[in-house]
Chemist: 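A single structure is presented below for examination.
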Amino acid sequence: MCGRYVLAGDNSALSALGSEFGADLDPALGEHQFRPNYNVAPSSNVPVVTASAGGRVLAQVRWGIVPKWSKNSSTLLINARGESVAEKVTFARSFATRRILIPASGYYEWKRPAKDPYFISPPIGDSRIMPMAGLIADSVIDGQPVHTCAIITLAAAPNLEPIHDRMPACINSKNWDAWLDPSIDVQAALDLLVARTDLQAIPVGRAVNSVRNNSPVLIEELRAAD
DNA sequence: CCAGACGTTGTT
DNA sequence: GTCTGG
DNA sequence: CCAGACGTTGTT
DNA sequence: GTCTGG
């Protein structure tokens, strides 16, 4: 699954990324500054690329959908299974019309049973960004309407399976346009979900466990003693 | 008809 | 709210 | 996802 | 054990 990830880019990097996606910064963000985040956790606000009337926008939404039927806000849907996302009542409408890309440099996984943490990312030299497939929903949190998102997951690629059996779905860059287009067929959108086979996993230190820790050190490969 | 799930992951 | 299970 | 609180009254 | 916070 994907319950913690990394977005190393700062404001300028994300602006550059924005142009890569053909996206402008959401005017609603004002002078908002994006900072590199080596420990992105559920319930935090994350940058996402969405389609908008005028083209595409790099906006900020809260990670974790709180379903409308949920009385408290403790039900956080941070992932949606690609195998069923188009059918589940909770996700179907969002999947059909509100697909997004969630920029990431890589993500963390905790290998059971010891919960050894790993950082999983594109190979060195490859594009430093790995946009994950996601969707947006409208939630109500503390009585306020909030845009929230979830990351779509698939069965893990064979090389990652020893660590965990799920992984975030990605979209080939040539298909970003189609993915973000709310008018394409649901089946066509499903067909764009990819379980990348070229990601690399490296063991990292347990410092990543605590979200209070947030620095590039977290994604350095663990050597010798833990 | 009403009750209870509705989501994911991991664990039992 | 809406669907499924009993 | 994991970490850390989870409780009250009164005192500093 | 379970909930909240990050």
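Lettering follows sequence order; numbering is per chain, from 1.
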Chemist: Report which part of the nucleic acid A:Asn39 touches: base, sugar-phosphate, or nothing (heavy-atom distance under 4.0 Å, all strands).
Modeler: nothing

Chemist: First contact, last contact: which nucleotides of DNA chain D are these for chain A, 5' to 3', heavy-atom distance under 4.0 Å?
Modeler: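 Nucleotide range in contact with chain A: D:dC1 to D:dG4.
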
Chemist: Hydrogens and angles aside, do A:Asn37 and A:Asn214 bring a side-chain donor and acceptor to less than 3.5 Å of each other?
Modeler: yes

Chemist: Do any N or O atoms from the side chain of A:Arg99 and from the backbone of A:Asp181 form a donor-acceptor pair under 3.5 angstrom?
Modeler: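 Such a contact is found between A:Arg99 side chain and A:Asp181 backbone.
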
Chemist: Base, sugar-phosphate or nothing for A:Phe91? Non-hydrogen atoms, less than 4.0 Å.
Modeler: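 Sugar-phosphate contact only - A:Phe91 comes under 4.0 Å of backbone atoms but never of a base.
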
Chemist: What verdict does the side-chain contact (heavy atoms from CB on, under 4.5 Å) test give for A:Leu193 and A:Ile152, after you've listed the backbone C-alpha separation in whole Å, the side-chain angles of each residue and the deciding distance to 0.1 Å?
Modeler: CA-CA 9 Å; A:Leu193 296 172; A:Ile152 298 173; 4.0 Å; yes

Chemist: If the threshold is 4.0 Å, N to carboxylate O, is there a salt bridge linking A:Asp116 and A:Arg206?
Modeler: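 Yes, charged N to carboxylate O under 4.0 Å.
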
Chemist: For each nucleotide in nucleotides 1-6 of chain C, reading 5' to 3', give B when a protein heavy atom comes within less than 4.0 Å of its base, S when such contact involves only the sugar-phosphate, and - otherwise.
Modeler: B-----

Chemist: Where the side chain of A:Gln200 meets the backbone of A:Asp198, is there a donor-acceptor pair that is under 3.5 Å apart?
Modeler: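 No; judged by distance alone, with no hydrogens or angles, the pair does not exist.
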
Chemist: Tell me if a side-chain donor or acceptor on A:Trp179 pairs with a main-chain N or O of A:Ile100 at a distance below 3.5 Å.
Modeler: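 Here the side-chain-to-backbone pair exists.
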
Chemist: Give the ring-plane orientation class for A:Trp110 versus A:Tyr108, where under 30° counts as parallel, over 60° as perpendicular and anything between as tilted.
Modeler: tilted

Chemist: Flag the pair A:Arg4 / A:Tyr107 as yes when at least one side-chain heavy-atom distance between them is below 4.5 Å, and no otherwise.
Modeler: no

Chemist: Under 3.5 Å, is there a donor-acceptor pair between the side chain of A:Asn79 and the main chain of A:Ala150?
Modeler: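 No, the answer is negative, given that no donor and acceptor are paired below the 3.5 Å cut-off.
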
Chemist: Please give the stem ranges for DNA chain E, sorted by first residue number, where a stem is three or more consecutive Watson-Crick or G-U pairs and both donor-acceptor distances are under 3.5 Å.
Modeler: D:1-6 with E:1-6

Chemist: Main chain of A:Pro67, side chain of A:Ser70: is a donor-acceptor contact present, judged purely on distance under 3.5 Å?
Modeler: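 Side chain of A:Ser70 to backbone of A:Pro67: no pair is present.
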
Chemist: Distance between the C1' atoms of B:dA5 and D:dG4, in whole angstroms?
Modeler: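 Nearest-Å result for B:dA5 against D:dG4 at atom C1': 30 Å.
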
